[in-house]
Each structure stands twice: as C-alpha cells, then as structure tokens.
Amino acid sequence: MMYDNLLTRSFSKHERRKLGYGALAACLLITLSFFIVFNPYLGPLPLCKSSIVLPLHLSKLRWCLLNFMLSTGDDQKIFAANDTSSSLQMYKEIITINDATSSSQEAVARDPEMVRNDKKLINDTGSSRQTVNEIVIKDSLLVNDTSSSQQIATDSATKNEKIELRCNIMGRSEFCEIKGDIRIDGSSSTAFIVSSETDILTAENTSWIIRPYARKEALEEKDFARKWSVKLVSDRPDIARCTRNHSVPAILFSVGGYSGNFFHAFTDILVPLYSTAQHFNREVQFLITNRKPWWIAKFKTLLEALSGYEIIDIDDRHGMHCFQSLTIGLKGRNNKELSIDSSTSPYSMREFRQFLRSSYSLKKITAAKIRDGDKRKPRLLIIPRKRSRAFTNVGEIAKLAESLSYQVIVAEPGSDVLGFAKIINSCDVVMGVHGAGLTNMVFLPENAILIQVVPFGRAEWTSRVSFEDPAKDMNIRYLGYKIKVEESTLMQQYPADHVVLRDPSAIWKQGWLAFRSIYLDKQNVTLDVNRFRPTLVKALELLHQ
C-alpha cells in the first residue's frame with residue numbers, strides 16, 4: 001500500500017502505464033534470454049492454456065509472447081508484435097502458434113479433430129510462408145488467415161500433388177473449398193481427401209462436419225439439412241476406388257431447410273449459389289443433397305444457366321464420384337438478406353439481377369420515367385396474397401390507384417416463376433404486405449419502386465431486413481407504409497384491451513414463433529385508402545424524377 005501511494009503521488013496515470021509496459025518488456029526479454037541460453041537442454045514445452053496439450057519449440061516463442069500480451073488486453077501492443085492487425089480478431093479466447101521458418105511437423109495436436117462451436121478445433125498446415133500452422137479455437141473464436149473472412153485454412157504441397165483445403169465454419173454459412181484427389185461417397189455423406197503422402201497429413205482421418213445450407217442460425221433444427229463429413233485420409237488399399245471421374249469442378253449444396261419458401265429459396269440458396277458458381281462459366285457440376293424434385297423443376301432455368309451439366313442427386317449415389325475440385329456448401333452469404341457483399345465477392349446484387357433478366361429473357365431494363373403531359377400510365381402491380389396478410393379491399397385500392405393515373409394489375413405469384421417474373425418486370429411499381437411474395441422484386445427493372453405494407457405488431461425490423469435494406473442494393477426505390485391497428489383484422493379477433501393489440505412488444509418477448517403465429521399468420525389488412533393515398537402519390541413523384 002505504501003508503494004502504491006508513493007507511485008500515485010510521483011507519477012501520472014499515463015507514466016505509470018508506461019512503467020508497467022517497460023517492466024513487462026524487461027520480463028519478456030529476460031525470459032527470452034533464458035530460453036536462448038538453455039534451449040539445448042529443454043524439450044518441448046506444453047501450451048497449457050488450451051484444452052489440448054501442444055508441443056511448443058523455441059521457434060514458436062514469439063507467438064507465446066503474443067498470447068501473453070493478449071491476456072493484457074492491450075490491442076495496440078498485440079498488433080505491433082504481430083504486424084498483422086487486419087488478420088486477427090478475438091471474441092473470447094485465441095491460442096495460435098505461428099512458425100514461418102521451420103518445416104518440421106513436430107508441433108502437431110496429439111488428439112486431432114475439428115468440432116464446431118464450443119468444442120475444440122484444430123487444423124495443421126505444411127506451408128512455410130507465414131501461414132497459421134496450428135489453431136486451437138474455443139467458444140466464440142474468430143481467426144482470420146490472410147484475408148478478412150473467417151476461415152481455417154490448410155495448404156499442403158507434395159512433389160506430385162497439391163492438396164488445398166479451406167473451410168469456413170464461422171460465417172453465416174458453412175463451406176469448404178477443396179482441391180486434390182476428392183472422392184465423394186453419397187451413401188455415407190462423406191467427401192474424402194486422399195493423399196499418397198502420409199506425412200503431409202498430420203493426423204489420419206481428421207474430419208470436418210459441414211451442413212451445406214446457407215443459413216447457419218437454423219442448422220440446429222432437427223433434420224434441417226443433411227450433415228456431410230470432409231475427411232483427410234491416406235491412400236490405402238481399403239479406400240474405395242473411383243467409379244466415376246469428373247473433369248470439371250463440383251459444388252455440393254442442400255435444397256433442404258426453408259427452401260419451400262420463395263424468399264428463402266433466393267436468400268439462402270439461389271443468391272449464394274450464383275456467387276459460388278458464376279465464375280465457372282457453367283463448367284461446374286452441381287451435386288444436390290436433400291433433393292426436392294419440385295424445387296429443381298421450379299428453378300430449372302436458373303440452375304441450367306449456372307451449370308451446363310445434369311444435376312446429380314448425390315444422396316442416392318452408391319458409387320464413388322471423384323473430382324479434382326469441390327466446394328461443399330455455398331459462399332457469399334453474409335449478414336444481410338438478399339444481398340451479395342461486393343467487398344468479398346466479385347459480384348453484386350445488380351449483376352445478379354442482370355443474370356436473372358438474361359436467364360428469363362426479361363425485356364424491361366429501366367422503369368418508366370414519366371414527364372409532364374406524358375400520356376403513358378405507370379404500371380402498378382398489387383400482390384393481394386391469399387392466406388395471411390391478405391388485402392381485404394383490393395378493389396378499393398385498385399380504384400384509388402386508377403384515379404391517380406396508374407395502370408393497375410392484380411396478380412399472385414405461383415409455381416410458374418418465369419410467368420410471374422415477366423409480369424413483375426413489366427411494372428414500374430409493386431405493392432404488397434410484407435411476405436415472401438415481395439421477393440419477386442428481384443425481377444423489377446432498374447429504378448422501379450417497391451411499396452411494402454408493414455403489418456401491425458412491431459414488424460418494422462423484419463420488414464426492414466427482409467426487403468427495405470435489400471432494395472437499396474438492387475437499385476430499387478423503397479416506400480414503406482405502416483398500418484394502424486384499425487387497419488388490421490386483429491381488431492375483430494381480440495378485445496380492444498388485449499395485450500396483442502395493446503402491447504405487441506410483450507408478444508415479441510415470447511420469441512419469434514409467438515410473434516409469427518399472431519401477427520404474420522392471423523392478420524389480414526384492410527387499407528385505409530385515404531391514409532394510403534399519399535404513398536401512391538409519392539411513388540408517382542419518384543417516377544417523374
């Protein structure tokens with residue numbers, strides 16, 4: 001206590017902090033000198049901070065020091081020591097060993113395995129150029145390699161072959177990109193990576209579990225998407241031989257999950273599939289798991305525009321399909337719905353929409369620009385919906401729009417994607433209550449207008465992330481109309497003082513299912529046409545700009 005008081009009186013807070021760092025640096029220097037002097041007499045040191053004990057040699061001491069500095073919480077010191085600030089982010093605990101000079105394979109996990117989420121994750125690489133050799137990850141760990149994406153990478157080269165394995169299990173979708181001798185066994189849902197050089201595999205039968213559906217937050221649901229194993233094996237006589245060799249790369253993905261919903265069909269499958277497959281210029285083989293024949297038939301036009309090969313139902317194949325390149329799972333899925341992150345992808349949603357127009361031969365590229373005195377009428381499509389969140393007064397809405405000089409079309413999307421795509425592409429304005437039908441905005445021409453009617457019940461967030469935000473990336477102008485409780489048919493179902501009408505936030509607190517069961521599944525909309533009129537007028541003004 002006496003020394004604390006003395007330091008407090010003698011030095012400022014900033015000076016005391018500098019003294020602390022100086023003392024830390026001195027301790028580290030003494031420790032380093034100790035190991036340099038006594039290194040010949042020391043064997044491997046255990047890295048005790050992980051749940052797995054890893055041998056640690058002197059060449060890896062720099063990363064030990066880095067890990068010690070991690071525990072001090074000083075980010076500036078951490079990144080100064082490593083000089084890779086853009087490639088390292090932490091959430092809970094990171095233990096990393098980097099060896100840029102040694103080619104030995106001695107620093108290997110003794111119990112090699114990779115388990116997702118809160119279990120241990122270990123990977124090894126044979127690269128000699130500052131790649132991450134061993135990674136132990138616990139809980140919410142995020143490790144970046146030499147790019148900004150969250151990934152665990154393996155690169156191994158031999159005299160006659162090259163194996164490349166890059167897996168991402170930290171993003172919103174799980175996927176692995178693999179090059180080498182790849183053998184796919186549909187009956188066991190396994191992709192084997194075979195090598196004749198056993199020494200490049202740090203552990204026999206190390207495996208990763210991937211569920212190739214691009215909505216990770218839903219993967220815990222039972223039977224949501226089939227699990228696939230990516231397994232490293234040596235080329236032994238008991239490893240099955242190839243029954244069919246393919247000369248083009250493959251993409252293995254699931255059409256399970258929520259694929260029956262039109263919104264999820266696009267945001268979870270078709271958009272990330274475009275990002276993953278487009279650069280192959282149709283020279284790619286699609287392998288589908290959780291196959292749904294009706295889904296494949298529904299989107300056949302788009303699937304054939306991305307691949308020039310007949311789709312393989314990999315679940316029912318008992319032979320061994322062999323490839324030199326495989327992507328299992330879909331890339332390009334980020335935190336935004338119906339979007340492509342152009343900072344990490346060579347593509348954008350505008351290019352995706354161009355792809356749709358080309359695939360479906362949609363003629364209208366730009367929405368009408370109305371000038372004063374122009375006799376042309378802008379086309380307005382009303383999506384009425386048939387089940388929940390349906391308009392109960394479509395006739396009144398259409399009459400209002402016609403009085404404002406709109407040419408009104410009332411149509412409901414169905415199984416004929418091409419037919420409805422042509423209808424919506426011919427329109428300048430589309431309106432409807434929040435729901436999957438609004439996903440058809442992807443077929444709208446440039447600078448068209450989307451009017452989303454937001455249901456009662458604090459549905460602003462789900463309306464915004466589903467359609468308002470994506471519209472901006474598609475060069476679609478957005479207008480929102482939030483209904484009052486008097487415009488909701490819930491008024492006829494519940495007393496005026498019921499919590500459903502009085503306090504929707506209380507229902508939200510019960511979870512998504514509770515919210516959906518009431519405000520999305522039980523509610524229809526009777527628009528107050530007088531209140532809604534300014535929204536249609538605003539859309540006209542936008543078309544004049």
Once the angle between the rings of [X] and [Y] is folded into 0 to 90°, is it parallel (under 30°), tilted (30 to 60°) or perpendicular (over 60°)?
{"X": "F515", "Y": "W508", "result": "parallel"}
{"X": "F443", "Y": "F266", "result": "perpendicular"}
{"X": "W295", "Y": "F299", "result": "tilted"}

Are Y347 and F352 close enough that their ring centers fall under 6.0 Å?
-> no
Centroid-centroid under 6.0 Å between Y258 and F263 rings = no
Check the side chains of R226 and S254 for a donor-acceptor pair under 3.5 angstrom, ignoring hydrogens and angles.
->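 Judged by distance alone, the side chains do not pair up.
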Under-4.0 Å salt bridge between R379 and D428 |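 D428 and R379: not salt-bridged.
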Run the salt-bridge test on D181 and R183 with the 4.0 Å N-O cut-off and return the result as yes or no.
->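 Yes.
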Please check if atom CZ in R387 has more than 12 non-hydrogen atoms from other residues, nucleotides or ligands closer than 6.0 Å.
->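 No, not enclosed.
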Is there a side-chain contact between D473 and K336, using heavy atoms and a 4.5 Å cut-off?
->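 D473 vs K336: side chains touch.
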Has the side chain of E351 got a donor or acceptor atom that lies under 3.5 Å from a matching backbone atom of S348?
->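 Side chain of E351 to backbone of S348, a donor-acceptor pair under 3.5 Å: yes, one is there.
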Distance from R166 atom CZ to K331 atom NZ, nearest 0.5 Å?
->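 Answer for the CZ-NZ pair, R166 versus K331, is 10.0 Å.
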